[in-house]
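First the structure, in the form of structure tokens, and then the observations on it.
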Amino acid sequence: MLLNNFKLTIAEHIEAIGNVDLFLKWGFVMNNLSNGILTIEGIEVKQDTNLDFLEKSFVTNPNFEVRKRQSDEATVGSLRPIQLGSKKFSVRISFENNIIQGIRLKVSDPSINQWDYEEKLSQHGEWLTEQIGYPEGILSENVFEWGKITQWYDPRSCDAGISILYFQR
């Protein structure tokens, strides 16, 4: 693309707009997920997030509930689909001894047949590509300094999801 005194031709405008769309579509404008940070309903969840903090943050949010399974384990879960970027997900955040262990995301799209795990995988890959870029978003596992992001599926139960697991310091 040549610039003539900083003026673009119509063809150059169209090419530039197309490139912006590609950057957005393929995730070159990346989110904080590559740094282990996922923003859920305005709350940043990351490696050092603890259960006490999330309980206080979501106390007035009717979309989440805390479930204590044992004295040292708990899960914060969404009661309805939560918008994260371009998709809606069911969200489960796991804690052990008040320390975050990980986040499980499952796409929640009523247009997807519940038995079509391949379409769920496709949706997860599309979302991850928006969040961490290409080709990382389509890989089954990405390892970072803070933890790892895994796309998983179970063909027997026809289920699929994304696991964000935090390494313990």
Side-chain angles (χ1 to χ4, degrees), residues 17-49 51 54 57-58 61-67 69 73-96 99-169:
I17 291 169
N19 288 337
V20 169
D21 287 342
L22 280 176
F23 267 65
L24 293 174
K25 180 176 181 181
W26 292 108
F28 293 107
V29 179
M30 293 185 219
N31 200 328
N32 283 329
L33 189 56
S34 58
N35 295 318
I37 302 169
L38 183 63
T39 303
I40 302 172
E41 302 230 322
I43 307 295
E44 280 192 352
V45 179
K46 52 191 173 187
Q47 185 178 23
D48 63 355
T49 300
L51 178 60
L54 270 192
S57 300
F58 288 141
N61 189 328
N63 292 329
F64 287 88
E65 77 173 355
V66 175
R67 297 182 192 136
R69 297 179 297 211
E73 294 181 3
T75 303
V76 175
S78 61
L79 298 173
R80 35 184 98 54
I82 303 300
Q83 190 75 41
L84 299 173
S86 65
K87 309 237 180 270
K88 289 187 175 188
F89 291 92
S90 67
V91 178
R92 294 280 177 266
I93 308 168
S94 301
F95 293 87
E96 189 173 313
I99 299 169
I100 192 166
Q101 301 298 303
I103 304 169
R104 187 187 73 196
L105 304 173
K106 290 184 181 181
V107 72
S108 182
D109 183 345
S111 70
I112 298 175
N113 179 326
Q114 71 178 11
W115 302 108
D116 190 355
Y117 71 88
E118 290 174 344
E119 179 59 24
K120 293 175 192 174
L121 271 176
S122 173
Q123 295 291 319
H124 293 147
E126 186 178 299
W127 182 80
L128 278 172
T129 299
E130 292 172 6
Q131 302 301 311
I132 62 174
Y134 180 85
E136 292 83 2
I138 61 171
L139 300 176
S140 60
E141 182 174 275
N142 287 281
V143 179
F144 301 91
E145 183 178 311
W146 52 265
K148 66 181 178 178
I149 301 172
T150 306
Q151 290 189 69
W152 58 267
Y153 71 97
D154 179 4
R156 292 191 305 176
S157 67
C158 295
D159 205 3
I162 299 169
S163 294
I164 302 167
L165 304 170
Y166 293 103
F167 297 145
Q168 301 307 310
R169 298 178 208 170

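Between F95 and L51, the closest heavy-atom pair is CE2-N, 3.3 Å. Shown here for I93 and I100, the closest heavy-atom pair between the two residues is CG2-CD1, 3.6 Å. Listed here is the closest heavy atom pair of G85 and Q131: CA-NE2, 4.4 Å. Across all their heavy atoms, R92 and G77 have their closest contact at NH1-CA, 3.0 Å. Of all heavy-atom pairs between Q151 and G137, the closest is NE2-O, 2.9 Å. Residues S108 and P81 come closest through the heavy atom pair OG-CG, 3.2 Å.
Rounding to the nearest 0.5 Å places CD of E119 at 10.0 Å from NE2 of H124. Within the model, atoms CD1 of I103 and CD1 of I40 stand 5.0 Å from one another, a figure rounded to the nearest 0.5 Å. For the atom pair CD (Q83) and CG (N63), the distance works out to 12.0 Å, reported to the nearest 0.5 Å. In this structure, K46 NZ and I37 CD1 are separated by 5.5 Å, a value rounded to the nearest 0.5 Å. Here OG of S86 is found 8.5 Å from CH2 of W127. Values are rounded to the nearest 0.5 Å. Taken to the nearest 0.5 Å, the CG atom of L54 stands 6.0 Å off from the OG1 atom of T49.
The shortest side-chain heavy-atom distance between L38 and L105 falls under the 4.5 Å cut-off. Annotation: side chain of V76 is in contact with side chain of F58 (closest heavy-atom distance under 4.5 Å). Within the 4.5 Å cutoff, the side chain of L128 has no heavy atoms near those of the N142 side chain.
Residue Y153 qualifies as open at atom OH: its count of foreign heavy atoms under 6.0 Å is 12 or below.
Residues forming a salt bridge (charged side-chain N to carboxylate O under 4.0 Å, His left out) with R67 (at least two apart in sequence, or on another chain): E65. In terms of the side-chain hydrogen bond (donor to acceptor under 3.5 Å, both in side chains) criterion, S122 has no residue partners (sequence neighbours excluded). The side chain to side chain contact (heavy atoms under 4.5 Å, CB included) search around P110 returns none, not counting sequence neighbours. Not counting sequence neighbours, the partners of Q101 by the side chain to side chain contact (heavy atoms under 4.5 Å, CB included) test are S94, E96, I99, Q168. Here D109 pairs with S111 under the side-chain hydrogen bond (donor to acceptor under 3.5 Å, both in side chains) rule; sequence neighbours left out.
Taking 4.0 Å as the cut-off between side-chain N and carboxylate O, K87 and E126 count as a salt-bridged pair.
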Test side-chain contact (heavy atoms from CB on, under 4.5 Å) on K120 and I112 and set out the steps. CA-CA 7 Å; K120 293 175 192 174; I112 298 175; 4.1 Å; yes

For the pair E41 and F64, evaluate side-chain contact (heavy atoms from CB on, under 4.5 Å) and give the outcome as yes or no after the intermediate values. CA-CA 10 Å; E41 302 230 322; F64 287 88; 4.0 Å; yes

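The aromatic rings of W146 and Y166 lie tilted to each other, with the angle between the two planes from 30° to 60°.
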Would you mind writing out the side-chain donor-acceptor pairs for residues 157-164 within the sub-3.5 Å range, not counting sequence neighbours?
{"residue": "S157", "atom": "OG", "partner": "D154", "partner atom": "OD2", "Å": "3.1"}
{"residue": "D159", "atom": "OD2", "partner": "K106", "partner atom": "NZ", "Å": "2.6"}
{"residue": "S163", "atom": "OG", "partner": "W152", "partner atom": "NE1", "Å": "3.3"}

